[in-house]
Structures are given as structure tokens and as C-alpha cells.
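Predicted model, so just to flag it, every value in this text is computed and none were measured.
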Amino acid sequence: MRQRYFPLNIENNKIFVSPSDEHHILHVMRKRIGDELFFSYKSKSYVGRIDSVRPLEISLMYEEKEVNELQVDITLYLCSLKKDKNEFIIQKASELGVSKIVFVDSARVVNHFTREDLERLGDRFNKIIKEACEQCQRSSLLEIGEPISLKDIKGEEEVKLVPYEMEKGDTSSLIKELETIKEKKSVGVIIGPEGGFTPEEIAFLKEKGYKSVSLGKRILRSETATLYILSAISLFLESK
């Protein structure tokens, strides 16, 4: 497996990694002088070579042409769930190519997520993001934005989707929206809390340009709905 790292800095053809990455390189992957390593830095991919192990010195060899990112920026607006579910979605959203997650406070949110929560959990979230992005060979790290209230959503993305359990019928409404997604530059997806959105909230989101879509005949949990729609977006973006 091509293990990928996100270095602290690349300067003067030298690659500098964190102490934890140094430990992983030398003691987990057991890399030695002359071995090649793979890095992502500022949305670009690089190959480096170990010149010394005591101390660890890595030289930059060349930039890779392949960038493993979706061609569309995806922002996931997530009505905060329980702690472990939030972490699960952060991990899977990182793997599925999401650019940014914003925690949203809505009427039926049980676990209200605040700026203080983000500061307290930031290191934990960043560790999850880094490990997930390294594992799936991403070129960029997922970003977590400031928590907001539902009423503060601006709806600036070109494609705006809200899975809604009361949207009856098959998935044709979702497919219709996704068929044009390759022509766009940005997508916004908002996922409701365990109790769902109120009719008033759905009406507000529609005023902001969000399209209410069905994910099929079954009512899905919030975390399942998240993986469903992000996977569908990736399918359409990466198909020929």
C-alpha cells in the first residue's frame, strides 16, 4: 500500500514531517535510507526520498501529476449528531472527497454543537481527518468550518441538496439533480438530525434554493443518509 503523509512543510527541496509521522515512517512502516515516500501538501502530491534516518531527512524528488480529489467542492452541512456519530461521518466524509463540513444547529438537534465544542474536539477531529485522508490517498485535508444555525445558511453552492424523508417516491429527484453535477463547481448537502427537519425548516431551505430529494422508499438514519448521498455524488462525478 502506498502510505501517504501530510507534511508540516516543504522548503528548499526538503520535506518536514511531524514527530508522529516520523515515528510511523521509521517504526511502523520501517522505511530506510533510499526508500520513497508519498506526500500531499497544499493540494498537490509529491514523492520524496529518505536521505537519513538519524535524524530523519527527506528530500523532495518530484511532483506527481495525479491529484485524487473530486473536481467539485462539496460542503456537507451536518445537523450535529451524537459524538461517536459525528466522528464517524467526519471520517467517511474525508474518504468520500468532501471539502468541508459545517455543523448546523436546527430545531430537533439533540446534541447542540458550539464553537467551544469545536475548539475542545478540534485535535481529535483533525487526527481523524488526517488519518482518513492519508489512507485514501487524498491530496487535500477536509476542513471543518465554524458551527452555524440553520437560519444562517446562505446557500451559495451551485447545486444544493437536502435529503428529506417526507419526499415521497423513488430516487429520480436525486438522479435528476446529479445528472448535471459535472458541469458545476460546488455542491452543498444538508443532513438533518435524528428527528428530521420540521416542515418550516424545509420551506426555509427551499427558499434558499435547496432541492428536496428522496433517497428511496426506506427512511434512513442520518449517518446512513450521509453516506448514501455522498457516495451517489462521487459515483456521478467519477463516472465517464
Side-chain angles (χ1 to χ4, degrees), residues 70-111 113 132 136 142 144-145 148-151 153-240:
L70 299 175
Q71 69 266 36
V72 172
D73 288 333
I74 302 173
T75 299
L76 174 63
Y77 296 95
L78 179 65
C79 289
S80 180
L81 308 175
K82 295 178 181 178
K83 177 185 175 183
D84 57 338
K85 293 182 179 180
N86 286 335
E87 292 184 355
F88 174 80
I89 291 179
I90 287 171
Q91 181 190 60
K92 300 310 174 187
S94 297
E95 294 177 17
L96 288 167
V98 170
S99 304
K100 185 176 183 179
I101 289 180
V102 177
F103 287 104
V104 177
D105 197 13
S106 65
R108 294 173 178 165
V109 164
V110 175
N111 179 34
F113 196 87
C136 65
L142 178 146
I144 297 185
I148 61 173
S149 173
L150 183 74
K151 64 181 176 59
I153 288 181
K154 295 182 171 57
E156 296 175 330
E157 293 81 16
E158 292 183 74
V159 177
K160 297 178 279 289
L161 304 173
V162 51
Y164 185 40
E165 67 274 10
M166 300 305 293
E167 190 70 33
K168 302 297 183 181
D170 55 27
T171 58
S172 57
S173 57
L174 173 61
I175 293 172
K176 179 181 177 181
E177 298 301 324
L178 295 182
E179 282 176 340
T180 62
I181 200 169
K182 288 185 180 180
E183 304 166 6
K184 310 300 182 181
K185 295 182 178 179
S186 59
V187 177
V189 178
I190 180 164
I191 301 294
E194 284 94 336
F197 288 118
T198 66
E200 293 77 15
E201 288 173 331
I202 288 294
F204 168 79
L205 290 171
K206 287 182 177 180
E207 289 178 1
K208 290 292 185 180
Y210 279 84
K211 302 294 185 180
S212 177
V213 295
S214 170
L215 300 185
K217 298 179 180 179
R218 295 160 301 283
I219 295 178
L220 306 179
R221 295 177 183 269
S222 296
E223 60 270 30
T224 309
T226 303
L227 300 190
Y228 185 117
I229 194 166
L230 292 180
S231 298
I233 291 171
S234 179
L235 174 67
F236 272 78
L237 286 175
E238 298 189 308
S239 62
K240 292 184 179 180

Within residues 208-220 or reaching into it, pairs that qualify as side chain to side chain donor-acceptor pair (under 3.5 Å) - sequence neighbours excluded: E167-S212
Does any part of the side chain of [Y], heavy atoms only, come nearer than 4.5 Å to the side chain of [X], both counted from C-beta?
X	Y	value
N86	S80	yes
V187	D73	no
L150	D105	no
V162	V213	no
L78	I90	no

List the steps and the verdict of side-chain contact (heavy atoms from CB on, under 4.5 Å) for L237 and Q71. CA-CA 7 Å; L237 286 175; Q71 69 266 36; 4.0 Å; yes
Specify the closest pair of heavy atoms between [X] and [Y], including all atoms of both residues, with the distance to one decimal.
X	Y	result
F197	I191	CZ-C, 4.0 Å
S186	E157	OG-CA, 3.4 Å
I229	P163	CD1-CG, 3.6 Å
P193	C79	N-CB, 3.5 Å
V109	N111	CG1-O, 3.4 Å
S94	A132	CB-CB, 3.7 Å

Interatomic spacing from CG in L81 to CD1 in I89 - rounded to 0.5 Å: 4.5 Å
Hey, what do you get for CD1 (I233) to CG (L161), rounding to the nearest 0.5 Å? 6.0 Å
Go through the structure and list residues passing salt bridge (charged side-chain N to carboxylate O under 4.0 Å, His left out) with [X], not counting sequence neighbours.
X	value
E177	none
E223	K85
K182	none
E158	none

Test side-chain contact (heavy atoms from CB on, under 4.5 Å) applied to [X] - qualifying residues, sequence neighbours left out:
X	value
T180	E183, K184
E179	I175, F236
L96	L227, L230, S231
A107	T198, E201

Taken in chain and number order and not counting sequence neighbours, the residues that satisfy side chain to side chain donor-acceptor pair (under 3.5 Å) with S172 are D170
Side chain to side chain donor-acceptor pair (under 3.5 Å) involving E238 - partner list, sequence neighbours excluded: S234
Residue pairs fulfilling ring pair (Phe, Tyr, Trp, His ring centres under 6.0 Å) with at least one residue in residues 77-111, sequence neighbours excluded: F103-F113
Ion pair E95/K92, N-O distance below 4.0 Å: yes
